[in-house]
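Some notes on the structure that comes next.
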Amino acid sequence: MKAAVIYTAGGPEQLIVEDRAMPQADPDQVLVKVKAFGLNRSELMTRKGYSPGVVFPRILGIECVGEIVIDPSGKWHPGQQVAACMGGMGRDYDGSYAEYAVLPNSIIYPFTSKLSWDLLGAIPEMFQTVYGSLHLALRIQKSESILVRGGTSSIGLLAIQLARHAGLSVIATSRNEEKKQFLLEKGAEAVLIDDGNLKAQVDKLYPEGIDKILELIGANTLKDSLSCTKPGGSVCMTGMLSEIWSIKDFAPMDYVPAAVNLTVFDTGQMKVEVDAFQEFISMVENGEIELSIGGVFKLDDIARAHKLMDSNKASGKIVVIN
């Protein structure tokens with residue numbers, strides 16, 4: 001099979017497409033023919049050498065969609081459509097940057113759909129992250145206000161839509177004034193230009209603070225997001241677009257405002273139910289949700305796809321198809 005392998009941490013050019021022997025599935029694993037996969041910031045971090053414990057050479061890729069080839073357990077049948085994400089993919093063992101992947105039975109999500117593989121490839125990790133952040137971590141409720149900080153990211157764009165679909169008032173942010181109209185067209189009711197300090201802008205719209213905030217930028221903007229939240233409200237730190245994930249000399253009593261809740265969402269720790277995954281696919285099929293695709297590439301062009309991810313110029317999810 002063809003696979004993109006990384007031997008040394010560094011830039012996109014470190015991803016080498018080569019021929020590999022077909023992997024074999026053990027009794028608790030399945031062999032999946034990978035039809036498509038989305039690119040993720042965590043893979044960028046691993047490629048740069050910022051993921052402790054990841055040993056090279058490695059086939060990256062924390063998600064995929066495809067078809068079952070072999071399941072020794074008999075639970076899934078050949079040709080069945082499945083998705084998979086996290087569970088050590090592309091980190092503890094070889095992941096989805098390949099034509100075939102051996103994956104644990106425990107992370108397999110069966111589904112049925114007539115969507116094209118490039119659209120399906122954008123869904124698994126993006127949906128899990130957004131749905132989990134909004135419903136499991138923030139516990140959003142109809143008529144609440146929510147700020148999506150990092151609105152032009154693939155996660156942010158989907159969060160705007162799902163929050164609107166759930167009946168919330170959505171404010172989104174971008175560092176780029178030129179993205180304002182784009183975010184309004186995607187469903188945001190207001191757009192704030194983010195210079196790292198949103199408190200004054202938020203106070204003009206919501207003097208008492210915002211109910212819920214989805215923090216996708218990272219630790220460098222987290223304190224400001226907390227200051228924009230009303231007492232009893234919540235901030236969920238989900239993303240690290242800034243690649244800053246730690247806080248020096250963190251003092252909780254000084255950092256977190258009184259009665260404001262701080263949580264995180266990590267698809268490696270919690271899984272969304274299979275039924276919710278299938279329901280979301282149906283929403284996309286019915287036109288209730290529009291997936292934002294920032295670029296579609298072939299496996300041979302994986303380095304070029306990573307260069308686009310590095311540039312932060314893709315307005316949506318970057319997908320690779322086989």
Side-chain angles (χ1 to χ4, degrees), residues 4 6 9-15 17 36-51 60-63 90 96-97 116-127 129-130 133 147-162 170-188 190-196 198 214-221 238-245 289-321:
I6 182 167
E13 70 281 356
Q14 297 300 333
L15 292 162
V17 179
F37 57 85
L39 298 194
N40 297 277
R41 300 292 296 188
S42 66
E43 294 153 5
L44 180 152
M45 302 294 283
T46 302
R47 191 202 75 213
K48 290 183 175 182
Y50 298 155
S51 298
L60 303 183
I62 66 169
E63 66 172 320
S96 61
Y97 286 18
S116 60
W117 286 112
D118 58 328
L119 288 177
L120 289 168
I123 292 176
E125 177 64 12
M126 185 167 66
F127 167 71
T129 300
V130 175
S133 297
L147 173 70
V148 179
R149 192 161 196 172
T152 58
S153 66
S154 59
I155 297 296
L157 291 169
L158 182 56
I160 291 168
Q161 292 189 74
L162 284 184
V170 182
I171 308 97
T173 75
S174 174
R175 294 175 298 173
N176 189 346
E177 179 76 38
E178 295 177 356
K179 295 288 187 179
K180 186 172 183 177
Q181 186 59 38
F182 171 73
L183 288 171
L184 292 172
E185 292 171 356
K186 291 299 181 181
V191 177
L192 306 180
I193 303 305
D194 194 347
D195 62 358
L198 294 178
L214 179 58
E215 174 61 77
L216 300 175
I217 304 300
N220 56 327
T221 56
T238 294
M240 293 175 287
L241 293 170
S242 65
E243 300 182 13
I244 298 174
W245 58 90
I289 295 293
E290 178 186 357
L291 296 178
S292 296
I293 306 298
V296 179
F297 296 82
K298 300 289 285 186
L299 185 59
D300 284 332
D301 295 322
I302 188 68
R304 194 158 59 90
H306 263 251
K307 286 180 182 178
L308 178 58
M309 181 163 58
D310 278 3
S311 74
N312 293 318
K313 293 180 179 179
S315 296
K317 187 79 169 181
I318 301 170
V319 179
V320 176
I321 57 174

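We're numbering straight along the sequence, starting at 1. Worth saying up front: this structure is predicted, and the values here are computed from it rather than measured.
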(Q) So, using side chain to side chain contact (heavy atoms under 4.5 Å, CB included) as the criterion, who are the partners of Lys307 when residues are at least two apart? (A) Pro12
(Q) Let me confirm one number: the CZ-NE2 distance from Arg304 to His306, rounded to the nearest 0.5 Å. (A) 13.0 Å
Q: Write down the atom of Ser133, the atom of Thr238, and the distance for their closest heavy-atom approach.
A: OG-OG1, 2.8 Å
Q. Rounded to the nearest 0.5 Å, how far does OG1 of Thr129 lie from CZ of Phe127?
A. 10.0 Å
Q) Any side-chain heavy atom of Leu183 within less than 4.5 Å of one from Leu157? A) yes
Q.
Tell me the closest heavy-atom pair linking Gly90 and Leu60, and the distance in Å.
A. O-CD2, 3.7 Å
(Q) A side-chain contact here means heavy atoms from C-beta on lying under 4.5 Å apart; do Ile321 and Lys298 qualify? (A) yes
Q.
Using the rule given for side-chain contact (heavy atoms from CB on, under 4.5 Å), can you reason through Leu198 versus Thr173, listing the C-alpha separation, both sets of side-chain angles and the distance that settles it, and then say yes or no?
A. CA-CA 9 Å; Leu198 294 178; Thr173 75; 3.7 Å; yes
**Q.** Any donor-acceptor N/O pair, Asp194 side chain to Leu192 backbone, under 3.5 Å
**A.** no
Q. Going through the checks in order, is the side-chain contact (heavy atoms from CB on, under 4.5 Å) test met by Ile302 and Leu39?
A. CA-CA 10 Å; Ile302 188 68; Leu39 298 194; 4.0 Å; yes
**Q.** Phe182 six-ring face occupied by Lys179 cation (under 6.0 Å, within 45°)
**A.** yes
Q) What closest approach, in Å, do Ala188 and Ile160 show between heavy atoms, and which atom pair accounts for it? A) N-CG2, 3.6 Å
(Q) How long is the straight-line distance from OG of Ser153 back to CG of Leu216, given to the nearest 0.5 Å? (A) 5.0 Å
Q. Closest heavy-atom contact between Ser292 and Ser315?
A. CB-O, 3.9 Å
**Q.** Expected output: side-chain Arg149 to main-chain Ala172 donor-acceptor under 3.5 Å
**A.** no
Q) How long is the gap from CE on Met126 to CG on Asn40, to the nearest 0.5 Å? A) 9.5 Å
Q: Check side chain to side chain donor-acceptor pair (under 3.5 Å) between Ser42 and all other residues, then give those that pass, not counting sequence neighbours.
A: none
Q) To the nearest 0.5 Å, what is the distance between CD1 (Ile289) and CG (Leu158)? A) 6.5 Å
Q | Sub-4.5 Å side-chain heavy-atom contact between Lys48 and Glu243 | A | yes
Q: Please examine the side chains of Thr46 and Ile6, heavy atoms only from C-beta on, and report whether any two atoms are closer than 4.5 Å.
A: no
Q. With a 3.5 Å cut-off and no angle check, do the side chains of Asn176 and Ser174 form a donor-acceptor pair?
A. no
Q. If you count the non-hydrogen atoms of other residues, nucleotides and ligands that lie under 6.0 Å from CD in Glu178, is the total more than 12?
A. no
Q: Please round to the nearest 0.5 Å and tell me the distance separating atom CD of Glu43 and atom CD1 of Ile62.
A: 5.0 Å
Q: Heavy atoms only: give me the nearest Ser242-Gly218 pair and the separation to one decimal.
A: OG-CA, 3.9 Å
Q | Sole candidate of Glu290, Glu63, Glu125 that passes salt bridge (charged side-chain N to carboxylate O under 4.0 Å, His left out) when paired with Lys317 | A | Glu63
Q) By side chain to side chain contact (heavy atoms under 4.5 Å, CB included), which residues pair with Asn312, not counting sequence neighbours? A) Arg41
Q.
Can you classify the ring geometry of Tyr97 versus Phe37 as parallel (below 30°), tilted (30 to 60°) or perpendicular (above 60°)?
A. parallel
Q: Could you tell me which non-hydrogen atom of Val130 sits nearest to which non-hydrogen atom of Ala159, and how far apart they are?
A: CG1-CA, 3.5 Å
